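Worksheet for the structure shown next.
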Amino acid sequence: MPKLKRLPAKFYHQNTFKIAKELLGKFIICKIGKKFLIGKIVETEAYYGPHDLASHASRGKTARTKIMFDQAGLAYIYLIYGMYYCFNIVTEAKDFPAAVLIRAAEPLNFSKATNGPGKLCRAFKIDKKLNGENLIISKNLYLAENPKDRIKSSQIKNAKRIGVDYAGKYKNKLWRFYLEDNPFVSKK
DNA sequence: CCTGGGATTTTCT
DNA sequence: GAAAATCCCAGGA
């Protein structure tokens, strides 16, 4: 196992798109009972600001989306299509709604399909109990990096976001990022 | 190869 | 009541 270091608070205080790219190759660590599940992030999407029609926050602050308006470094977890949870990382300053959706990860110490946001949450047993979890201090769910294993920018591809056809001119934004040639990426 | 629908629940209109 | 940041399976071409 690589030596992992938890991402510090200042990691989350960068531009959302920079964070979305930097998260590639980082690790999700989730405590399940006495065990830890570790997965390497291979695909992310950025949801940025109150005008991004693909973002839940574009309709204003509600009980569901208020986490996106909160401070950077929190987990925003919501239920989609009544069945699947999606795991997001809140970014930007308080009262500015932005987040990075983790779409896919590569399981390191377990074996399960994680090539999609719904499946990822099922594999990590992420549900709304973890909504609002502070990734900087939580023992149950946090992000880490292997400082010796940085991703080269040449491995990062960008593309249109998935499942946001209703988002008008925002649907074609190249706000999805993934690692080239990684078999766990949900879609090329 | 492709398209379409069902599962299931929260949220907004 | 309809749509949703999804996934899986069936059926047709």
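So that the names make sense, note that chain A is the first sequence line, chain B the second, and so on, each numbered from 1. A quick note: this is a predicted structure, and the numbers were derived from the prediction, not measured.
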Which nucleotide, [options], lies nearest any side-chain atom of [X]?
X: Lys119(A); options: dC8(C), dT6(C), dC12(B); answer: dC8(C)
X: Arg122(A); options: dC7(C), dT11(B), dT10(B); answer: dC7(C)
X: Pro117(A); options: dC7(C), dT11(B), dC12(B); answer: dC7(C)
X: Arg103(A); options: dC12(B), dC7(C), dT9(B); answer: dC7(C)

Take the protein atom [atom1] of [X] and the nucleotide atom [atom2] of [N], then report the distance between them rounded to whole Å.
X: Tyr78(A); N: dA3(C); atom1: OH; atom2: P; answer: 18 Å
X: Arg59(A); N: dT11(B); atom1: CZ; atom2: C1'; answer: 10 Å
X: Lys61(A); N: dC12(B); atom1: NZ; atom2: C1'; answer: 18 Å
X: Ile162(A); N: dA4(C); atom1: CD1; atom2: P; answer: 16 Å
X: Ile77(A); N: dT6(C); atom1: CD1; atom2: P; answer: 16 Å
X: Tyr85(A); N: dA4(C); atom1: OH; atom2: P; answer: 20 Å
X: His56(A); N: dA4(C); atom1: NE2; atom2: P; answer: 10 Å
X: Asp127(A); N: dT9(B); atom1: CG; atom2: P; answer: 13 Å

Going by distance alone, is a donor N or O of one side chain under 3.5 Å from an acceptor N or O of the other, for [X] and [Y]?
X: Glu106(A); Y: Thr114(A); result: no
X: Ser58(A); Y: Ser55(A); result: no
X: Gln14(A); Y: Tyr12(A); result: no
X: His56(A); Y: Tyr76(A); result: yes

| query | What does Leu101(A) touch in the nucleic acid at a heavy-atom separation under 4.0 angstrom: a base, only the sugar-phosphate, or nothing? | reply | base
| query | What nucleic acid atoms does Gly82(A) come within less than 4.0 Å of, heavy atoms only: base, sugar-phosphate, or nothing? | reply | base
| message | Salt bridge or not between Asp52(A) and Arg161(A)? Use side-chain N to carboxylate O under 4.0 Å. | response | yes
| message | My understanding is that only residues two or more places apart in sequence, or in another chain, count here; which of them pass ring-ring contact (aromatic ring centres under 6.0 Å, His included) with Phe17(A)? | response | Tyr48(A), Trp175(A)
| said: Nearest 0.5 angstrom please: Tyr84(A) OH to Arg122(A) CZ, how far? | reply: 5.0 Å
| message | Applying side-chain hydrogen bond (donor to acceptor under 3.5 Å, both in side chains) to Glu45(A) and Tyr47(A), what does each step give before you reach the verdict? | response | CA-CA 7 Å; Glu45(A) 283 180 10; Tyr47(A) 288 84; 2.6 Å; yes
| Under a 3.5 Å cutoff on both atom distances, Watson-Crick or G-U, what's the dot-bracket for DNA chain B ([ ] crossing, | other strand)? | |||||||.||||.
Sub-3.5 Å pairs of nitrogen or oxygen atoms, protein against nucleotides 4-7 of chain B:
none

| field | Donor-acceptor pair, side chain of Arg6(A) and main chain of Ile136(A), under 3.5 angstrom | value | yes
